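Numbered from 1 within each chain, the chains take letters A, B, ... in sequence-line order. These numbers come from a predicted model, not from an experiment.
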Number of protein chains: 2
Amino acid sequence: MAEFSIIRQYFQSLTSRSLASQSLASQSPTSPASADVGIGDDCAVSTVPQDMQLVSCVDTLVAGRHFPLDTSAHAIGWKSMAVNLSDLAAMGATAHSILLALSLPKIEDAWLAEFSRGVADCCKSYNVQLIGGDTTQSPTLTISITALGWIKTGQAILRGGAQVGDHIVVSGEIGSAAYALRHPNSALQSTLDYPQPQLALGQSLVGFASSMIDISDGLAQDLGHILSASQVGAEIQLEQIPIANELAQLSIDQRFADVLAGGDDYQLCFTISPDHFQRWQAQCAQSSVTPVTVIGQIQQDMTCHYFYQKQKFTPEKSGYQHFA
Amino acid sequence: MAEFSIIRQYFQSLTSRSLASQSLASQSPTSPASADVGIGDDCAVSTVPQDMQLVSCVDTLVAGRHFPLDTSAHAIGWKSMAVNLSDLAAMGATAHSILLALSLPKIEDAWLAEFSRGVADCCKSYNVQLIGGDTTQSPTLTISITALGWIKTGQAILRGGAQVGDHIVVSGEIGSAAYALRHPNSALQSTLDYPQPQLALGQSLVGFASSMIDISDGLAQDLGHILSASQVGAEIQLEQIPIANELAQLSIDQRFADVLAGGDDYQLCFTISPDHFQRWQAQCAQSSVTPVTVIGQIQQDMTCHYFYQKQKFTPEKSGYQHFA
């Protein structure tokens, strides 16, 4: 089967503008349509809203490495989208669109139908369009997604802005996906298979948070990126980190291995001055963004100290390594 | 080795803004730098020039499928870039930046150094920045690149604008890469390993060409996309298609198999009214864009007829199939 047939059959409905409407819209050679172009041309064409900057990122999922081989095609589709939208969320950006590069061993209609349904469900949940793609044959199922979004010029929340005295805050519960990976079909399975990118929360923090990252490789490692980019340190009170009931049953070491080094959380970790935090809470009191919890403070000393019930705690593992 | 170390070691120099300058630039939490952000944060942030639309595309190269396994790492780096910039060229866009998703079996310093040098050489040749990336471990070497560029609003050259009576025009010589693939280390090897995306030519055709595509899957198939998107047909005079001397030595059938179905040319195929073509030639007479040649005409009848020395010719193969 040719690439175009695959794209047309499974993904064309996710794009806003079809081949047919393109050919109609560009009747005059010197005045082609100024409307946006989705799948079906050499490139997509998108109109960037005024006073906005483009925010872009790419993340790849490899079968057997970023998800177990028996993961459902629907979950693979959803998760491939979600991990990229999570990066946009970590900038405070509004998601606009994605480009999908799909390498797969063979054409299996049932798999492709389920995979594209997972992509579509995530697109719909977060109001994102599929604007381009490429399908290739490869021995290894590999999904590489580029996410594009907008941020008001100059307002992106970077990793390097944390200030001494800032609160360190996380959204949701941490460590659930790592637990689910070790306990297949537990009640926490959906946190592993269907992460929820925190786009609304990220956007609400623009103008308030001093730095932000999404937790993909484990809280300790990802917080470490904020600390080194900001040239500051941190004190973390481990008992303040919100966890699911399942994790509370674990030994202290296993619990905080999942929490600090597990990864795949796709929650946000951000820093914010106590004053900004109060003002943000007042503004967002009525909104439905994911709950957040203060778990520590930024300090001058450029290391990260962990405390559990006032005792110093030394984590065993350091987070997900992309090359084992 | 961790992903960040790989990115920092090999690719950070290709981005305009380093981690260090980011942390300096975003001292104040409520007024982060409005400057662009490259590698080192969750996403890149790019300022889109006024009155421009964003043009984006993604293409994946799989080892052993899109390039022979013994291809040099430098050539793989160059070609991965070039095939994507070629898609931007086919819209008439100006290239701005790329995001690189690299999946590789293991960390080989020598390979990575050569690969990143190939990427860097192509970046420099076409004034493109690497603004983001992701490296993952995978059994199969896979390179997926997203290219981003700008086009004046409403001016993108789409596939669907060809009009009856338009010239059909190609740039450069066609079929050389297909010949090189069958004759390793021939004089045409560089056309296969180091394709030259026709960005300057593409941009010069904005406001003149009625439709355009880059030739990646073979002239017949790619021209076919213009014809079906434009709902027109074509007559092609095969002897007018420029070819290298090596191809002139081949049998007619083999020659036109390479020319029509070979692919990997990364030349442009466009349609343009005779009047616009004259005006474009007058304007571009002094410029150094790649030479172009009229090879046929758009016609009403929705099929594509090939003629060789006035005799009807039926091609044997139909171009590169992404799934064999």
Nearest heavy-atom approach of A:Arg159 to B:Asp42 is NH2-OD1, 3.4 Å
Given a strict heavy-atom distance threshold of 4.5 Å, which part of A:Leu104 is in contact with chain B: side chain, backbone, both, or neither?
both
Let me confirm one number: the CD1-CG distance from B:Ile226 to A:Asp41, rounded to the nearest 0.5 Å.
9.0 Å
To the nearest 0.5 Å, what is the distance between CD1 on B:Ile131 and CG on A:Leu54?
6.5 Å
Can you tell me how far apart OG (A:Ser103) and CZ (B:Arg65) are? Round to the nearest 0.5 Å.
10.0 Å
How close do B:Gln137 and A:Val62 get, counting heavy atoms only, and between which atoms?
O-CG2, 3.8 Å
Can you tell me how far apart CD1 (A:Ile39) and SG (B:Cys57) are? Round to the nearest 0.5 Å.
13.0 Å
Count the heavy-atom pairs under 4.5 Å between each of A:Leu61, A:Val48, A:Ile151 and chain B, then report the option with the highest count.
A:Val48
Could you give the distance from OG1 (A:Thr47) to CE (B:Met52), rounded to the nearest 0.5 Å?
13.0 Å
Relative to chain B, which segment of A:Ile213 carries a heavy atom at a distance below 4.5 Å: side chain, backbone, both, or neither?
both
With B:Asp214 via side chain to side chain donor-acceptor pair (under 3.5 Å) - residues at least two apart
B:Ser86
Pick whichever of B:Ser211, B:Gly64, B:Ser56 has the most heavy-atom pairs under 4.5 Å with chain A.
B:Ser56
Below 3.5 Å, can you tabulate the donor-acceptor pairs from side chains in residues 142-150 of chain B to any protein atom, sequence neighbours excluded?
residue  : atom : partner  : partner atom : Å
B:Thr142 : OG1  : B:Thr140 : O            : 3.0
B:Ser144 : OG   : B:Thr60  : OG1          : 3.1
B:Thr146 : OG1  : A:Thr146 : OG1          : 2.5

Do A:Met91 and B:Val45 have side-chain heavy atoms sitting under 4.5 Å apart?
yes
Positions in residues 94-102 of chain B that reach chain A, provided some heavy atom is under 4.5 Å away:
B:Leu99, B:Leu100, B:Ala101
Please list, chain by chain and in numerical order, all residues satisfying side chain to side chain donor-acceptor pair (under 3.5 Å) with B:Ser46, sequence neighbours excluded.
none
